[in-house]
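Have a look at the structure below, then the notes.
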Amino acid sequence: MLAYLARLPLFLILAGIAALAMFLPAFHALLLEDHTIARSFFYTGILGLALVSLTGVAMSTGPRRTDNDLANLFSLFLTYSVLPLFLAIPFYEGLGTTSYLNAYVEMVSSLTTTGATLFDEPGRLRDSLHLWRGMIGWLGGLLMWITASAVLAQLNLGGFEVTATAEPGQGGTRFDRFERASASRRLGRATVTLAPVYVGLTVIMWLCLLVGGDRPLVGLVHAMSTMATSGISAVGGLQNAQSGIAGEAVIFLFLTFALSRLTFSSDTVTTARPGLWNDPEFRLGVIMVVGVPLALFARHWLGTLDVTEGQSWLAAFQALWGGAFSVVSFLSTTGFESAYWDAAQDWSGLETSGLILMGLAVMGGGVATTAGGVKLLRVYALYLAGTREMERLIHPSSVGRAGARSRRIRRQGAFVAWIFFMLFALSLAFLSVVFSALGIGFEQALVLSVAGLSTTGPLTHSALEVPINLLTIGPWAKLTFCAAMVIGRLETLAIIALLNPGLWRD
């Protein structure tokens with residue numbers, strides 16, 4: 001069986017997994033006696049398995065395909081752009097009151113773990129459709145986590161180029177125990193190693209949310225969304241959940257896993273000293289999680305001196321907690337708002353808090369996690385280069401005191417990080433211009449571009465005073481938003497690596 005799967009393209013295997021996953025919401029809808037949704041998922045799953053099986057048999061009997069990482073990278077691109085066409089079929093048929101394009105956009109948003117939804121009213125979707133959205137986001141997060149270790153790391157992409165010695169997209173990395181195996185074997189080993197951890201943590205969080213008072217479906221969707229950093233909710237956000245601040249505390253704890261790969265393993269050690277606290281990504285993330293809420297909290301006495309109401313200890317705690325939770329949520333590109341985020345805004349008196357959330361989402365989480373954004377490791381590399389350049393302005397003949405590993409990050413790593421940052425900025429500018437040309441206002445165009453490229457869909461509701469209604473934008477704007485989400489999930493360097501002539505020669 002494993003030998004048979006090794007001969008199939010990654011895209012075909014993922015399509016088969018998606019077809020099998022459709023039976024779970026079909027069974028759930030059947031239990032709820034919602035036969036329309038149950039039939040749509042069941043029939044689509046049967047059809048998908050039949051097509052995948054026939055295609056797999058035809059391909060496995062032919063010449064053995066080329067097993068390389070660039071081919072798997074192309075399969076990832078097809079997964080995020082083409083596979084949602086299949087995933088949208090049962091969603092479209094089950095809902096029955098929307099267009100197929102809207103269903104496709106919803107599935108792209110879920111699979112890329114962006115979490116932007118076109119259906120602002122949770123009651124419009126039945127529980128089985130909410131379960132499907134959460135499952136797709138959860139599977140998308142697992143896929144990204146596995147392929148980051150088994151594919152992107154080997155190509156020096158996804159943030160690994162900062163510490164690698166080879167050029168991005170060229171391979172040659174000294175990564176981990178997967179490096180000597182073929183691409184398919186590395187994917188298999190990474191799946192066996194990482195999937196049980198991913199599933200186990202999701203189950204633990206789900207049980208904790210159930211104890212906190214959430215309904216089983218709501219707790220499961222929030223647990224899957226937290227692990228995948230997708231921000232998908234079955235009740236319109238955590239403020240509508242029954243678990244309250246206890247549930248937010250559980251989610252806060254698990255969101256910290258998105259700040260560094262070292263919270264799970266030691267695959268991306270960036271310093272000579274082992275340990276989580278010695279990891280620059282985790283330290284930088286902690287600084288942001290602690291520093292930003294404290295700055296908002298302290299602004300109460302600096303920017304709102306004329307406000308005397310609500311200065312009780314309870315209001316202070318709510319403001320501090322709302323800021324801390326929302327900061328870690330948007331820094332990890334999840335996008336959950338705390339139920340006390342409004343209290344944090346009122347306490348600080350800051351009217352442009354959406355800009356802070358956008359900045360946190362752009363910074364993003366750790367390398368080889370499910371988080372999007374620029375990534376903390378790239379930000380750290382740019383910080384090292386900046387501090388060294390300021391030292392040289394004062395002492396031009398000085399010699400850096402860092403070790404060989406830090407010098408590598410500060411020089412070549414910072415150079416590649418700067419290239420990525422410029423590509424990100426150019427992509428942001430280009431998408432903003434395209435959205436504006438399609439009739440969307442500048443502020444909304446900027447938010448849509450940041451939300452797509454950072455895979456932080458809830459920004460469409462949190463960044464502006466008036467939330468963006470994705471249902472009302474035109475079809476070309478929706479497709480542009482889909483392109484932004486795919487680019488943000490794979491990253492611009494990976495898209496450029498797909499233009500490598502070696503991929504097409506093989």
Side-chain angles (χ1 to χ4, degrees), residues 115 204-214 218-219 221-223 225-227 229-233 235-260 263 282-304 307-361 363-365 371 456 458-459 461-463:
I204 293 173
M205 186 173 7
W206 180 34
L207 295 176
C208 292
L209 293 177
L210 288 179
V211 173
D214 278 342
V218 174
V221 172
H222 285 169
S225 301
T226 302
M227 290 305 303
T229 65
S230 65
I232 296 173
S233 175
V235 290
L238 297 182
Q239 63 273 17
N240 300 321
Q242 299 298 318
S243 56
I245 194 171
E248 290 187 7
V250 172
I251 292 176
F252 180 92
L253 176 63
F254 281 84
L255 283 178
T256 56
F257 289 128
L259 299 182
S260 172
T263 54
F282 186 76
R283 293 203 311 269
L284 182 57
V286 170
I287 290 173
M288 298 304 298
V289 172
V290 174
V292 174
L294 286 179
L296 292 175
F297 186 77
R299 193 183 184 277
H300 176 77
W301 291 279
L302 300 177
T304 59
V307 178
T308 58
E309 298 180 357
Q311 294 190 6
S312 64
W313 286 105
L314 179 60
F317 172 76
Q318 291 175 347
L320 190 59
W321 172 255
F325 180 89
S326 298
V327 165
V328 73
S329 178
F330 280 87
L331 183 63
S332 63
T333 69
T334 304
F336 280 139
E337 275 190 21
S338 171
Y340 302 107
W341 173 238
D342 289 338
Q345 295 181 82
D346 295 339
W347 179 273
S348 66
L350 190 64
E351 298 180 356
T352 57
S353 56
L355 292 177
I356 296 177
L357 300 181
M358 290 174 61
L360 292 169
M363 181 176 293
T456 316
L459 279 175
H461 293 273
S462 306

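- Using modelled atom types, one side-chain atom of Glu248 and one backbone atom of Ala339 make a donor-acceptor pair closer than 3.5 Å.
- For the pair Ser462 and Trp341, the minimum side-chain heavy-atom distance is 4.5 Å or more.
- Contact detail for Ala241 and Val235: the closest heavy-atom pair is N-CG2, 4.2 Å.
- Atoms CG and NE2, from Leu357 and His461 in turn, are 13.5 Å apart once rounded to the nearest 0.5 Å.
- Val290 is linked by a side-chain contact (heavy atoms from CB on, under 4.5 Å) to Val286, Leu294, counting only residues two or more places apart in sequence or in another chain.
- Side chains of Leu209 and His222 form a contact here, defined as non-hydrogen atoms less than 4.5 Å apart.
- Between the CE atom in Met227 and the CG atom in Leu255 there is a gap of 9.5 Å [rounded to 0.5 Å].
- A donor-acceptor distance shorter than 3.5 angstrom exists from the side chain of Ser348 to the backbone of Gln345, with no hydrogens or angles considered.
- Interatomic distance, Leu331 CG to Thr256 OG1, rounded to the nearest 0.5 Å: 11.0 Å.
- Ring geometry for Phe325 against Trp321 counts as tilted: the plane angle lies between 30° and 60°, on a 0 to 90° scale.
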Derivation and outcome, side-chain contact (heavy atoms from CB on, under 4.5 Å), residues Val289 and Phe252:
CA-CA 11 Å; Val289 172; Phe252 180 92; 4.1 Å; yes
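- The two residues Phe336 and Ile232 make their nearest non-hydrogen contact at CZ-O, 3.6 Å.
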CA sep, side-chain torsions, deciding dist, call: Ile356, Phe330, side-chain contact (heavy atoms from CB on, under 4.5 Å)
CA-CA 9 Å; Ile356 296 177; Phe330 280 87; over 6 Å; no
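- Looking at Ser332, its side chain does come within 3.5 Å of a backbone N or O of Ser329 through a donor-acceptor pair.
- Trp347 contributes no side-chain N or O that, together with a main-chain N or O of Leu320, makes up a donor-acceptor pair within less than 3.5 Å.
- Remark: side-chain polar atoms of Ser338 are paired, donor with acceptor, to backbone N or O of Tyr340 under 3.5 angstrom.
- Formation of a donor-acceptor pair under 3.5 Å by the Ser326 side chain with backbone atoms of Gly322 is found in this model.
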